2 protein chains.
Amino acid sequence: MLYTKSAEYAIQAMIYLAEKNTDDPTMVSEIAEAYEIPRQFLAKIAQTLVKHHLLNAIRGRNGGVKLAKPAKEIYIHQIVYAIDGAPLEHEQCVIGINECSDVAPCPFHHKWKVIREDIREMLMSENLHVLAKRVIEKRNEMSKAMAN
Amino acid sequence: MLYTKSAEYAIQAMIYLAEKNTDDPTMVSEIAEAYEIPRQFLAKIAQTLVKHHLLNAIRGRNGGVKLAKPAKEIYIHQIVYAIDGAPLEHEQCVIGINECSDVAPCPFHHKWKVIREDIREMLMSENLHVLAKRVIEKRNEMSKAMAN
DNA sequence: CATTAAAAGGACAATGTCATCCTAAAAAAA
DNA sequence: TTTTTTTAGGATGACATTGTCCTTTTAATG
């Protein structure tokens, strides 16, 4: 919808690592199992993330991957960019009209522009640290609710 | 992004017909040329729209397609639905977390929910009549601006 | 009735995304 | 040094979307 399945897997994997919050490497197979992502496929995605300096990889026994920088400094749009590539700069009109712009907008233009900026804002403003914290909070709430 | 390329072509074609606002059939090849859509491909899409009772087709010489009902009664979501199929009812979480719901949301959940509803609202509220009118207005403004 | 011009529809080709398989390289442990 | 365990990376397969080709059906016109 907003990004490919591959980018979704990448975000999941990175949140997993941010949650663990350790300096030790984590095996790709562990992450794959946790999120039920095909192992080999996630390995490819991890390779790409390493190339884009979002992950560091340690090869060999006891190896694995870890965040290449603090979770606070990794934003979702960076992950999406790394996997799906740069967003189109001549922002694509929703109904594909060539001359669509603010001056000569397509009939959807203004509504769509607002939505697009909301999405952009969402991807640009959220970092892994915040997301991981929220996931952990939710887990705790869940287990509390279960206990009752 | 919101829908497939095929659905985009379908919307363009239907707006073209709404703009013409005639009861005479329009050849698919004419529409394809106007929007630079592969002719045969648009023909397939038109077939689907006919099956979904959004277009009527007239075969043979002087044939073509036309809107199956007044432009005011055709909403964008109907076109998208016809081409791309029904939207997933168990609305998919943006980061693919299985247990994501209002009660146990994923870390994006609330922001994404709002955006998703804006999109839905946009597709549900806009009909071809309004869109075509806006396109025509824009064209007029454009040609006025050119004249200066 | 034959010709022409349109949509209908089946088959298939091209492309992109998602996924798997297998071998190589690297590093720790036996 | 050999074995084991991990990521790296090339090749290939499965599948969906996009696009093309060709034949059939339908209907107007010569």
Side-chain angles (χ1 to χ4, degrees), chain A residues 1-14 16-17 22 24-33 35-68 80 82-86 88 92 96, chain B residues 1-14 16-17 22 24-33 35-68 80 82-86 88 92 96:
Chain A
M1 186 66 164
L2 298 183
Y3 33 71
T4 62
K5 195 91 182 164
S6 297
E8 182 180 304
Y9 289 158
I11 295 170
Q12 291 178 324
M14 305 272 299
Y16 185 90
L17 293 172
T22 169
D24 298 331
T26 301
M27 286 189 293
V28 168
S29 56
E30 177 185 324
I31 306 172
E33 208 167 314
Y35 278 105
E36 292 177 313
I37 301 170
R39 209 198 63 187
Q40 305 263 34
F41 191 51
L42 183 57
K44 296 288 189 201
I45 292 166
Q47 279 178 41
T48 306
L49 294 172
V50 168
K51 277 177 194 145
H52 281 80
H53 309 108
L54 294 173
L55 288 183
N56 286 333
I58 293 92
R59 286 171 149 207
R61 193 183 267 221
N62 304 330
V65 293
K66 55 184 183 179
L67 299 183
V80 175
I83 301 297
D84 292 346
L88 300 177
Q92 195 49 35
Chain B
M1 187 65 162
L2 298 184
Y3 32 72
T4 62
K5 195 90 183 163
S6 297
E8 183 180 305
Y9 289 158
I11 294 169
Q12 292 178 322
M14 304 269 305
Y16 185 90
L17 292 172
T22 168
D24 298 332
T26 301
M27 286 189 291
V28 168
S29 56
E30 177 185 325
I31 307 172
E33 207 167 316
Y35 278 104
E36 293 177 312
I37 301 170
R39 208 198 71 203
Q40 305 264 33
F41 192 52
L42 184 57
K44 298 287 187 200
I45 292 166
Q47 278 178 41
T48 306
L49 293 172
V50 168
K51 279 178 193 143
H52 281 80
H53 308 107
L54 294 173
L55 289 183
N56 286 333
I58 292 90
R59 287 173 148 206
R61 193 184 266 223
N62 302 333
V65 294
K66 55 183 181 179
L67 300 183
V80 175
I83 302 297
D84 291 347
L88 300 176
Q92 197 49 35

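What you see is a predicted model; the values in this text were computed from it and never measured. Per chain, numbering begins at 1; letters A, B, ... match sequence-line order.
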**OP:** Mind listing the residues from residues 41-57 of chain B sitting with a heavy atom below 4.0 Å of DNA chain C? Number order is fine.
**Re:**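 The answer is B/Lys44, B/Gln47, B/Lys51, B/Ala57.
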Subject >> 5'-most by nearest nucleotide on DNA chain C - A/Asn62 or A/Tyr9 >> reply: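 Here A/Tyr9 is the residue nearer the 5' end.
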Original post:
Of B/Gly64 and A/Ile37, whose nearest nucleotide on DNA chain C comes first from the 5' end?
Top reply: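 Nearer the 5' end of the strand: B/Gly64.
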Original post:
Could you give the start and end, 5' to 3', of the contact zone on DNA chain C for chain A, using atoms under 4.0 Å from its heavy atoms?
Top reply: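 Span of nucleotides near chain A: C/dC18 to C/dA29.
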Original post:
For B/Lys66, what residues pass the salt bridge (Lys or Arg N to Asp or Glu O under 4.0 Å) criterion, not counting sequence neighbours?
Top reply: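 Testing B/Lys66 for salt bridge (Lys or Arg N to Asp or Glu O under 4.0 Å), a comparison that skips the adjacent residues, returns B/Asp23.
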Note, [X] side chain near [Y] side chain (heavy atom, < 4.5 Å):
X	Y	result
A/Tyr3	A/Ile11	yes
B/His52	B/Ile83	no
B/Leu67	B/Leu54	no
B/Ile45	B/Ile37	no
B/Leu2	B/Val80	no

Nearest-Å distance for atom pair [atom1]/[atom2], residues [X] and [N]:
X	N	atom1	atom2	answer
A/Ile31	D/dT7	CD1	C1'	12 Å
A/Gln40	D/dA14	CD	P	16 Å
B/Glu36	D/dG19	CD	C1'	16 Å
B/Glu8	D/dT17	CD	P	16 Å

Subject >> Atom pair CE (B/Met14) and CG (B/Leu17), whose distance is rounded to the nearest 0.5 Å >> reply: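 If I round to the nearest 0.5 Å, the distance is 7.0 Å.
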Subject >> Minimum heavy-atom distance between A/Met27 and A/Gly63, given as atom pair plus value >> reply: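 Shortest heavy-atom contact: CG-O, 3.8 Å.
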Polar pairs (N or O, both sides) under 3.5 Å between protein and nucleotides 25-27 of chain D?
unit_1 : atom_1 : unit_2  : atom_2 : d
D/dT26 : O4'    : B/Arg59 : NH1    : 3.0
D/dT26 : O2     : B/Gly60 : N      : 3.4

Original post:
Are OP1 or OP2 of D/dT18 and a side-chain N or O of B/Ser6 less than 4.0 angstrom apart?
Top reply: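 Yes, such a contact exists.
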Original post:
A/Asp84: what forms a side chain to side chain donor-acceptor pair (under 3.5 Å) with it, not counting sequence neighbours?
Top reply: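 Testing A/Asp84 for side chain to side chain donor-acceptor pair (under 3.5 Å), a comparison that skips the adjacent residues, returns A/Thr4.
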Original post:
Who are the side chain to side chain donor-acceptor pair (under 3.5 Å) partners of B/Glu30, not counting sequence neighbours?
Top reply: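 With neighbours one apart ignored, the set is B/Tyr16, B/Lys20.
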Original post:
Please walk me through it: do B/Ile31 and B/Val65 pass side chain to side chain contact (heavy atoms under 4.5 Å, CB included)?
Top reply: CA-CA 10 Å; B/Ile31 307 172; B/Val65 294; 4.2 Å; yes
